[in-house]
Every structure is written in C-alpha cells, then in structure tokens.
Amino acid sequence: MPTRAVDYLVQAVAALDVHHVFGVDGANIEDFYDAVFDTDCDVTGVVAKHEFSAATMADGYARSTAGLGVVVATSGGGSMNLVAGLAESFASRVPVLALVGQAPTVLEGKGAFQDTSGLAGTFDAARLYEPISYYCARVNSAAELPAHLARAVVATRRGGPAVLLLPKDVQQADMGEVEPFRVPAPAGTADAAGVESVRTALWTARSTGKVVVIAGDQVARDDARAELQRLATALDAAVGVAPDAKDVYDHDLPGFCGVAGSMGHAELVDAVRGAALCVLVGTRLPVTARTGLDEPLGTVPVVSVGAEEPYLPALHFTSTDLAATLALLAAPEDGAAAVTSAEPQRRMKELTPLSVPEAGGPGLRYRDIVETLNGAIESGTDVFADAGNTGAAVVHHLRLPHDGRFVVALGMGGMGYAFGAGIGSAFARRWQPDGGERRTFVVAGDGAFFMHGMEIHTAIEYALPITFVVCNNNAHAMCITREQLYYGDRYSFNRFRPTDIGAGVAAMFPELPAWSPRSIEELAAVLRLCLDHPGPSFVCIDCDPDEIPPFVPFLSVPRRHP
C-alpha cells in the first residue's frame, strides 16, 4: 500500500519505542488518527479532554519511561492549548515530540479556517513554539518529513520539546518508496578531562572532610539512581534531593538529609554548612531548591554534573548521560580500596519537619493527610503532585516508597498538571514488562481539579490503576496565604463557595469508586479500599483554606497589617 506521510509518522513513533500518543482529534489532525487505526504497529491513540492535559500526559509518559513522549493536536485553538504543557516540558527538560496539524498549504494566507501560517496577516504558530522548543519546523512537503523528523528527535534528546507543524495535505501526501525511519544514534558526553577534574575535586574533599550531594530530577530521567547510590556510598556523602527529585535517593538510605529548598529540611542546610564540598547532580538548583541554602553555599566549594550549568557559580561538567558519568566519578582514586556493591543497611531516619502555625479551621490537616498516605502506599507506587499548598505538603512530608516515581511540576507550576501527567505515566507503566498494575497516586488541590480534573474520565475509559486524591479547601489556598501574609488579610479574591466534589464525581461517574472521608481513620480505611480496586478511584478530603503549608517563604515573613 502507498505510504502516506501520517503512516510514516506512526511507523516512526513505533520505531522510537513509543506505544501511546496523546492528543485531541480535529479536522487537521484526523488523518494521523486514521493512520493509528490502520497501523500494524503497537501504537495506541489516546484522546484527552484538553490539549494541555494531552501535553502533560506525554510529559508524564516520558518521565516514567526515561524516553520520549508524543502529543498530537489539531490547528487553531487546539494548537494554542498545547503551549502551557510544552512550556512545562521545556522548563523541566522533558523530551516531548509535538505533532501539530495545520490548514492545507494550498489555503495558507487565503482565509483558511484556523490558519496559523503567518501569511496574509495570520498568526504564525512557528514563532509561538520556537521559544519553548529545541526544534520547530513547518513541514511544507512530504519529501521534507524524514529530515525534519530526524532533527526533531535529536533535539528532544537535549531535554525538551520539538514541534513539527503538519499541514493537512502534507499529512495525506503519498511518500512513495521511502526508507523506514531510522532512529538517530544518541550522542554521548565525551569530555574525559572534565570528568577527571570533577573526580579529583570529589576525592580530594572526601579525604579532608564531608561531601554533600544534592540530586535533581535528571538522575531519574537518565535512569542513574543506582549509580548515584554507589557514588554516595563511595564518598560516604550526605545526600539531599531537589523538591522534584524525591525518588532519586531513597529516604531510608544512609546519609539522606531530606529535601532542599523552600519545602526542605534543616538537616540538609546543616550538612551543607559543615561540608568540605557540595556536589550538584542533575539539578541547576533553582530558587525552589535553593531557598535557605544561599548563605551556606556561599562558603562551600561547589561542583556540578548535569545537562545544564547551575544557577550559582560552580565547577561544572556537562553530562547528558548521568548513569555513565556517575559510574566514572565513583571509581576510587589510585591505590584506594574499591567500595563494595552490597546493598547498604536501610534505616528510617526521622527528619525535622518545618514548624507551621497551628490551624484551627475545618477539615483535616495537610501533614496528617500525607502521613496517612505514607502508611498506605506500597513499594513501586508513583506519585504525581500539583504545585500549591497541597504540593508543598506532599514534597515536605511524603516518604516515597522504594522503586516509585515522584513528579511535581515546578518548571512552570501549571495547575492541573498532575492529572494528565499521572495518566500518561500510568499508560507507560502498563506497557513496561515490570510495570504490571502498579498504582499511581495523583494528589492535587480543588483549584487544580477544577482546571483539568475531568481527565479522570480518560482514566476511567482505560481502567487505569490511578487513585486521585483531591484536597478541597474551596479556595486557591496559596493565594489566600499570600493575601494574609503580604497584604494584611484585607480582602480575598480566592475564597469560593463550598462544593462537594466527592459527591459530584460519584454522581457523574457511577462506576467510579469515590469517597469523601471526614476523619483520618476514615481516610486510612478508604485508601485501603482504593488499593484493593484494580481501576481508578477518587478521594476528596476537606481541608482548611487558612492552614499555612510547610513552605519556608511563608514561615519567615512577618504578617503585614493594613
């Protein structure tokens, strides 16, 4: 059969070991879905409820596979809806390929519906996507597609999105006798001298004092957890993690000092203050991961290993393959004894929680909710949290079980991210040989739910093993906290009329197990029921909108009075 451009694209997606593509259908992308239906390749098209969520599904899929996520969208408003999701992937260095339908080339600049060609005064989609992608191209003919696709795939390996704009007639065009898509070979890091300078700094510090490692999300994306653990053991290092990297070093391993930054722990600050050297691994240490550390880091030498230079001065080695680089760094100095690879003795270490003002309002408290989650979630569970007060509590208090993935979208902090990303991850886990029916937890506030929570419909459609936990304080609570602290609590635009989200979801989806526990005991019982249910489940918990979360900037500023 003749190979259309869309058939070539679907075959290429399969060659890239991607088995699910996420999007919303429409006239100028429908030929791609037609090709997915016809293909013999193991590729499933998943239709989301909104393109933002489709983009976050591709993002979550990529984060859990350490591979590529693919999102497809139609022209016009559909393509515009991708922007916030792709911006998160760009800021967080997540490889996502966006295939975006466009009006036919013969109608560009001639009044076509949803024309974003930039011709005849129309909006130019390419100029929109260029700042949030490492490659963006308008494919003007089927003959151009293989080269553009290869460049796009290579670009995503830098850690971020690539975008191909695909006019409808180009998608439909016959490509004739075209060679199958060949996955471009990865280009590794090869600066041996740079590795050696970092290794020398590490082992010199190891001989003179304590080394502190702060690890970031790139460790997870490069599948370098084991190598990080070996390096930490070899250096007898104290280890902290960035807020979005709670899964890269188990909390019960020796030397763990907690989370860095605005939702972090005092133990890590103390460790850095007394260190001979601080090593950043796979993190640029942005403000959310650096809050409270600027002063001690100003007096301690810093080295960095990762895809991008950190935001503070450091001896930096660029690595796009942390697994290989950390293995080299863990090799002992000449004459030193090799470190045993035996599994270290695990131990529970109680970290000092941030002290927050006592809340006196209705509902359950954040810490109690997260501690109850800690007692329920099992090894291998993945947790996706939304930004905000709920996310701060999860970052600070959650003790992620062994072999789980933890993601919180701090690149752009878009509300509702976790719903789509958790779904994308669950699809990825279902495909992986060792994934089975491992459960995903999505933890978010009611503000995030009202933005993109209807993606639970997608989880129901595919019977995904996801438990959605919504903390409902009938507010945009972090905005309320800011109103209270910085504006004297003179007013609030961010308190809403009470809603019974749990009852609403139960009525909308009768087949979905949905609960609204009113006590910690009820919550613990409900979570056990969720774990026993093979498909999706939903839990809504009333909370106090005036509770101050464990967030350092809110705990160190005096309340402003009018």
Side-chain angles (χ1 to χ4, degrees), residues 16-18 61-69 92-95 153-154 156-160 183-203 211 213-235 237 239-242 244-250 253 255-256 279-285 303-310 314-332 338-344 380 382 400 402-407 425 428-429 432-435:
L16 289 162
D17 200 29
V18 175
Y61 187 92
R63 295 198 201 213
S64 286
T65 60
L68 180 68
S92 296
R93 297 196 65 258
V94 180
V153 170
V154 170
T156 64
R157 290 175 178 162
R158 293 175 57 189
V183 178
T189 302
D191 182 4
V195 171
E196 190 58 32
S197 65
V198 172
R199 194 168 81 95
T200 299
L202 293 182
W203 286 93
V211 176
V213 174
I214 301 178
D217 180 64
Q218 189 188 343
V219 174
R221 288 184 281 107
D222 288 3
D223 196 16
R225 296 177 183 85
E227 290 77 10
L228 173 65
Q229 182 178 318
R230 282 197 289 272
L231 177 64
T233 302
L235 296 172
V239 181
V241 295
D244 58 351
K246 288 176 69 73
D247 58 328
V248 304
Y249 193 83
D250 286 355
L253 285 174
F256 183 66
V279 187
L280 308 181
V281 179
T283 176
R284 301 185 73 187
L285 214 66
V303 300
S304 167
V305 180
E308 297 178 294
E309 292 190 17
L315 170 65
H316 175 73
F317 172 70
T318 299
S319 171
T320 57
D321 184 355
L322 284 180
T325 301
L326 296 182
L328 290 173
L329 293 177
V339 177
T340 179
S341 59
E343 179 73 11
D382 300 321
L400 190 75
H402 181 62
D403 196 31
R405 187 75 172 92
F406 177 80
V407 175
S425 175
R429 294 300 197 189
Q432 292 169 340
D434 60 347

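The side-chain heavy atoms of V281 and V248, taken from C-beta on, include no pair separated by under 4.5 Å. At a threshold of 4.5 Å between non-hydrogen side-chain atoms, the residues V279 and L202 count as touching. Put simply, the side chain of Y249 does not reach to within 4.5 Å of the side chain of V219, judged on heavy atoms.
To the nearest 0.5 Å, atoms CG (L68) and OG1 (T156) are separated by 5.0 Å. Taking CD of Q218 as the start and CZ of R284 as the end, the distance is 11.5 Å to the nearest 0.5 Å. A distance of 13.0 Å separates CG of L235 from CZ of R230, quoted to the nearest 0.5 Å. Between T283 atom OG1 and E308 atom CD the span is 10.0 Å, to the nearest 0.5 Å. The CG atom of L400 sits 8.0 Å away from the CG atom of D382 when rounded to the nearest 0.5 Å. For the atom pair CG (D244) and OG (S92), the distance works out to 6.5 Å, reported to the nearest 0.5 Å.
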Exercise for review: Evaluate side-chain contact (heavy atoms from CB on, under 4.5 Å) for F256 paired with D250, printing each intermediate quantity in order.
Suggested key: CA-CA 8 Å; F256 183 66; D250 286 355; over 6 Å; no

Exercise for review: Evaluate side-chain contact (heavy atoms from CB on, under 4.5 Å) for D222 paired with T325, printing each intermediate quantity in order.
Suggested key: CA-CA 11 Å; D222 288 3; T325 301; over 6 Å; no

Exercise for review: Report the C-alpha distance between L253 and V239 in whole Å, list the side-chain angles of each, state the deciding distance to 0.1 Å, and finish with yes or no for side-chain contact (heavy atoms from CB on, under 4.5 Å).
Suggested key: CA-CA 9 Å; L253 285 174; V239 181; over 6 Å; no

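Pairing each heavy atom of R157 with each of P184, the nearest pair is NH1-O, 2.6 Å. Nearest heavy atom pair, residue S197 against residue L315, reads O-CD2, 4.2 Å. The minimum heavy-atom distance between D223 and A323, with the atom names listed, is O-CB, 4.1 Å. The minimum heavy-atom distance linking W203 with L329 is given by the pair NE1-O, 3.1 Å. Taking every heavy atom of both residues into account, A245 and G216 meet most closely at CB-C, 3.4 Å. The nearest pair of heavy atoms linking V94 to A62 is CG1-CB, 3.7 Å.
Evaluated for a side chain to side chain contact (heavy atoms under 4.5 Å, CB included) with D217, the options K246, R63, R93 yield exactly one hit, R63.
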